[in-house]
Amino acid sequence: MEPRASETARTEAMRAEQSYVSMLYDRLDAVRDRAQTALSEEHGRGTPGGTHQARFERDVFAGEHARRIAQLWGVERGLCFGRIDDTDSDTYYIGRIGLRDAGNDLVLIDWRAPAARPFYTATPSDPGPLVRRRHLHTRGRTVVDLDDEVFDLARMSEPDRRMLVGEAALMAALRRGRTGRMGDVVATIQTEQDQVIRSGLPGALVVQGGPGTGKTVAALHRAAYLLYTHRDTLERRGVLIVGPNAMFMRYIGHVLPSLGETDVVLTTVGELYRGVRATAGDEPEAAIVKGDPRMVEVIKAAVRDRQRLPDGDLEIPLDVKTSRRGGVEVVVERMTLLMDHATCVRARDRARAVRNPHNVARKLFIDSALTALAFDEARRLDRELDADDLRYARGALWRMPPVRKALDDLWPLLTPERLISELLADPRALGLASTAGSDPVLRPEEQKALLRPLDSPWTIGDVPLLDEAAEILGEDDSRAKASERAAEREREAEEEYARGVLEITGIAETEMVDARTLTQRHHTEGPVLTTAERAVRDRHWVYGHVIVDEAQELSSMAWRTIMRRIPTRSLTIVGDVAQTGSAAGARSWAEMLDPYVKGRWREARLLVNYRTPAEIMEVAADVLESVLPGQEPPISVRDEGAPPRALRVPRADLPTALSALVASELAEIGEGRLAVLTPDARHREIAGLLPEAASALTADALDSPAVVLTVTQSKGLEFDSVVVVAPDEILAQSPKGGQDLYVAITRATRRLTVVHEGTLPPMLGGLA
């Protein structure tokens with residue numbers, strides 16, 4: 001095609017597509033306005049009052065309209081991104097949500113709908129029903145570019161042939177500079193990624209993929225797809241996404257809202273225990289021990305150690321009578337209550353025998369002890385006790401501070417925070433747990449690795465220990481359960497009434513809300529909580545599906561924490577064992593998953609690297625072969641043209657040389673992002689040399705053009721340019737140092753520079 005004719009074709013095609021896209025945005029605005037008007041009308045009805053039916057209707061409609069409005073604003077950017085033409089001469093437009101025109105005809109197909117799947121699965125060798133796939137690139141509401149992929153030119157009309165335009169959409173997307181936020185790939189999903197996204201809900205799916213294979217974005221799109229396809233199953237329980245750190249969670253945070261989903265919980269392992277936000281890691285030796293399942297026995301032994309006995313008989317002095325003499329309270333009569341040692345043993349053993357959690361079993365111990373003390377008091381006072389007298393006497397004794405303190409010393413009410421902080425500061429407690437052969441569960445050097453001051457801040461490795469302790473300790477919720485049973489009876493009656501209201505109003509047919517959800521909303525004070533908000537507040541919340549990213553970093557203890565939240569074992573597990581940096585992380589998926597889903601997990605492999613240029617990946621492949629011989633790196637699909645290089649800089653010259661290098665790289669990448677990756681021990685030093693770069697592990701650090709990170713902090717992220725400092729020190733910093741270096745090198749999408757002081761490690765010999 002002549003250049004001028006090609007330009008004319010592009011102009012005509014863009015004009016036609018702009019007209020259609022403008023119509024779609026008009027429809028989006030109309031739907032938004034309608035939802036906003038409806039919400040305003042509901043709010044205009046005043047505070048809830050009148051009949052139950054009126055309050056129910058207001059709550060239902062207001063909540064659903066508010067959620068719909070949030071969804072409609074989330075899809076503003078890139079509302080429509082694709083078009084497919086099939087062999088029947090039908091044309092369908094693909095977008096972030098489904099839209100209908102005023103006549104109720106479908107004008108935009110939700111990307112998750114079955115009708116949209118050919119957009120992602122068609123290939124030149126197997127196009128299915130398609131003759132053409134067109135990618136639409138928009139900025140704001142304006143069409144700025146088009147890309148066509150033709151599968152059957154003979155079946156296209158002459159006008160359509162004249163309007164063929166574009167280059168491959170995927171390559172165009174890959175060449176765009178990084179922005180500090182992950183871009184969704186809904187417009188450029190590849191066939192192998194689509195198979196991951198649309199895989200069935202039940203069971204555990206492992207997505208094993210090397211650097212740049214798009215496993216994270218595939219997992220996020222899978223979350224949106226599952227919520228769309230299994231709405232009834234997942235809406236009430238929600239989806240949990242666990243990532244490596246807050247910076248990464250912010251990096252991916254806008255992807256799901258942009259796909260029309262807002263009701264997902266995003267968190268890190270360090271935040272899985274409510275009330276704790278741990279960001280610091282442990283030294284490798286401590287991380288290995290904390291992540292070992294043997295810690296369960298260590299924690300159990302620490303709990304049993306708190307269920308104590310007195311050295312002999314339990315004696316509790318009580319001031320029976322006092323009087324005031326000269327303004328001073330004087331003890332007139334004193335009595336010592338006694339519970340003999342054998343009775344103490346029986347009370348403790350009886351409480352242990354019921355096998356309830358510590359704080360729940362405490363109630364039985366306290367009751368047994370108070371009963372024994374009440375009878376001892378009655379004997380001393382020469383009284384008989386009937387059932388009512390006994391109940392009164394126990395209550396009176398429990399209100400006496402000396403009695404309460406004595407029994408608390410024997411069986412204290414414990415919090416997970418208190419138990420774990422004291423355990424890790426007590427060498428005696430760490431050595432209590434023993435094997436069947438009476439050997440300590442933890443060797444002396446392992447106990448020493450765990451020891452730390454009592455007031456130490458929480459680390460990421462502590463969070464699974466806290467969660468485990470919470471399970472072992474439990475909560476004395478007897479009063480709460482009694483209140484809950486009464487409230488449940490009341491709710492059941494109200495749910496029956498709610499079902500009638502939903503049927504009378506016709507809301508039941510829309511499936512917008514069920515009777516139980518409606519009743520819960522009616523009883524909630526303040527704003528109605530979303531599923532995500534309710535889940536975050538409840539440690540015992542059970543999710544409908546869990547997605548774990550960078551899953552190779554999780555320890556065995558962290559997996560126990562995850563699995564408590566998903567008893568159905570419906571999981572998507574995303575990672576690459578070749579990139580395991582944590583000393584307590586995975587060596588194989590079977591090692592981590594078989595204790596929970598042995599023989600019931602399936603693996604999908606992503607083999608194509610869309611991110612890392614082939615020149616950089618060649619260097620990374622040398623590192624991988626040296627560290628994990630036999631592991632196959634993913635295959636890169638593009639050449640960037642800028643060869644990776646090594647730069648030798650004496651330490652004395654590093655301040656000047658590094659600053660100049662960063663300035664030069666930023667000029668090369670323009671609006672993109674640069675990362676300087678350092679050994680753990682030198683992060684603060686290197687950050688001090690680059691005061692203009694962000695260095696704190698904060699959610700907004702990636703908004704800066706340049707950032708200084710450790711390799712662990714860079715997990716899951718990508719940058720246009722990467723500068724790796726001191727590769728030899730990265731190699732030596734932990735047992736997984738080689739894998740850390742592999743991760744560092746593969747963060748780059750365009751340019752890589754390795755700065756070294758001495759001899760370059762042999763595995764980096766391929767650098768220029």
Side-chain angles (χ1 to χ4, degrees), residues 303-416 418-419 470 472-493 540:
V303 172
R304 289 177 67 86
D305 182 53
R306 301 305 184 90
Q307 300 163 0
R308 293 171 177 165
L309 296 172
D311 292 336
D313 297 336
L314 177 65
E315 298 181 351
I316 307 175
L318 296 178
D319 298 335
V320 179
K321 288 184 180 180
T322 62
S323 67
R324 300 188 68 82
R325 296 177 183 173
V328 179
E329 196 79 14
V330 177
V331 176
V332 176
E333 184 177 339
R334 175 168 290 172
M335 177 173 65
T336 299
L337 295 182
L338 183 142
M339 183 164 69
D340 64 73
H341 188 78
T343 302
C344 292
V345 172
R346 285 195 299 272
R348 185 198 65 176
D349 292 348
R350 181 182 174 218
R352 282 180 172 179
V354 296
R355 297 187 179 278
N356 280 332
H358 170 89
N359 288 334
V360 178
R362 164 183 152 91
K363 184 175 184 297
L364 180 57
F365 172 81
I366 297 294
D367 284 347
S368 298
L370 289 174
T371 298
L373 292 172
F375 277 112
D376 182 67
E377 181 186 36
R379 180 183 58 78
R380 292 172 185 276
L381 298 175
D382 195 23
R383 293 176 182 170
E384 294 291 332
L385 293 180
D386 60 19
D388 290 337
D389 292 335
L390 178 59
R391 189 180 308 110
Y392 175 82
R394 287 190 307 196
L397 286 170
W398 185 240
R399 288 189 292 272
M400 295 180 178
V403 174
R404 185 184 290 265
K405 181 182 184 306
L407 299 186
D408 279 343
D409 287 344
L410 296 182
W411 196 298
L413 187 66
L414 294 173
T415 65
R418 175 185 168 187
L419 179 71
I472 295 169
L473 293 175
E475 300 173 13
D476 182 4
D477 56 356
S478 51
R479 288 186 179 179
K481 283 183 176 179
S483 299
E484 188 177 322
R485 284 192 294 270
E488 184 61 27
R489 289 192 292 270
E490 183 180 344
R491 277 197 297 269
E492 287 174 358
H540 300 286

Quick one: [atom1] on [X] to [atom2] on [Y], what's the gap to the nearest 0.5 Å?
{"X": "Lys363", "Y": "Leu413", "atom1": "NZ", "atom2": "CG", "value": "13.5 Å"}
{"X": "Arg306", "Y": "Asp408", "atom1": "CZ", "atom2": "CG", "value": "12.5 Å"}
{"X": "Leu397", "Y": "Ile316", "atom1": "CG", "atom2": "CD1", "value": "8.0 Å"}
{"X": "Leu385", "Y": "Tyr392", "atom1": "CG", "atom2": "OH", "value": "12.0 Å"}
{"X": "Arg383", "Y": "Phe375", "atom1": "CZ", "atom2": "CZ", "value": "14.0 Å"}

More than 12 heavy atoms of other groups within 6.0 Å of [X] [atom1]:
{"X": "Asp311", "atom1": "CG", "result": "no"}
{"X": "Arg352", "atom1": "CZ", "result": "yes"}
{"X": "Arg308", "atom1": "CZ", "result": "yes"}

Measure from the side-chain N and O atoms of [X] to the backbone N and O of [Y], and report whether any donor-acceptor pair falls under 3.5 Å.
{"X": "Asn359", "Y": "Gly474", "result": "yes"}
{"X": "Arg394", "Y": "Leu370", "result": "no"}
{"X": "Arg380", "Y": "Thr336", "result": "yes"}
{"X": "His341", "Y": "Pro310", "result": "yes"}
{"X": "Asp376", "Y": "Leu337", "result": "no"}

Would you name the heavy atoms of [X] and [Y] that are closest together and state the gap between them?
{"X": "Ala374", "Y": "Leu390", "value": "CB-CD1, 3.8 Å"}
{"X": "Ser368", "Y": "Ala347", "value": "CB-CB, 3.9 Å"}
{"X": "Pro412", "Y": "His358", "value": "O-NE2, 2.7 Å"}
{"X": "Cys344", "Y": "Phe365", "value": "O-CE1, 4.4 Å"}
{"X": "Arg348", "Y": "Leu309", "value": "NH1-CD1, 3.5 Å"}

Requested in this report: Apply the test side chain to side chain contact (heavy atoms under 4.5 Å, CB included) to residues Leu473 and Thr415: give CA-CA distance (whole Å), side-chain angles for both, the deciding distance (0.1 Å), then the verdict.
Outcome: CA-CA 7 Å; Leu473 293 175; Thr415 65; 5.7 Å; no

Requested in this report: Give a yes or no on whether a salt bridge exists between Arg379 and Asp382, defined as a side-chain N under 4.0 angstrom from a carboxylate O.
Outcome: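 No, no charged N to carboxylate O under 4.0 Å.
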
Query raised in the report: Do Asp388 and Arg391 meet the salt-bridge criterion of a basic N to acidic O distance under 4.0 Å?
Result: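 Looking at Asp388 together with Arg391, the answer is yes, because their closest N to O distance falls below 4.0 Å.
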
Requested in this report: Mind checking side chain to side chain donor-acceptor pair (under 3.5 Å) for Thr343 and listing every partner two or more places apart, or none if nothing turns up?
Outcome: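 For Thr343, the residues satisfying side chain to side chain donor-acceptor pair (under 3.5 Å) (neighbours in sequence not counted) are Asp340, Arg346.
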
Query raised in the report: Can Leu373 and Glu377 be said to form a side chain to side chain contact (heavy atoms under 4.5 Å, CB included), step by step?
Result: CA-CA 6 Å; Leu373 292 172; Glu377 181 186 36; over 6 Å; no

Report task. Report the C-alpha separation of Leu407 and Leu314 in whole Å, then their side-chain angles, then the decisive distance to 0.1 Å, and conclude whether the side chain to side chain contact (heavy atoms under 4.5 Å, CB included) test is met. Result -> CA-CA 9 Å; Leu407 299 186; Leu314 177 65; 4.1 Å; yes

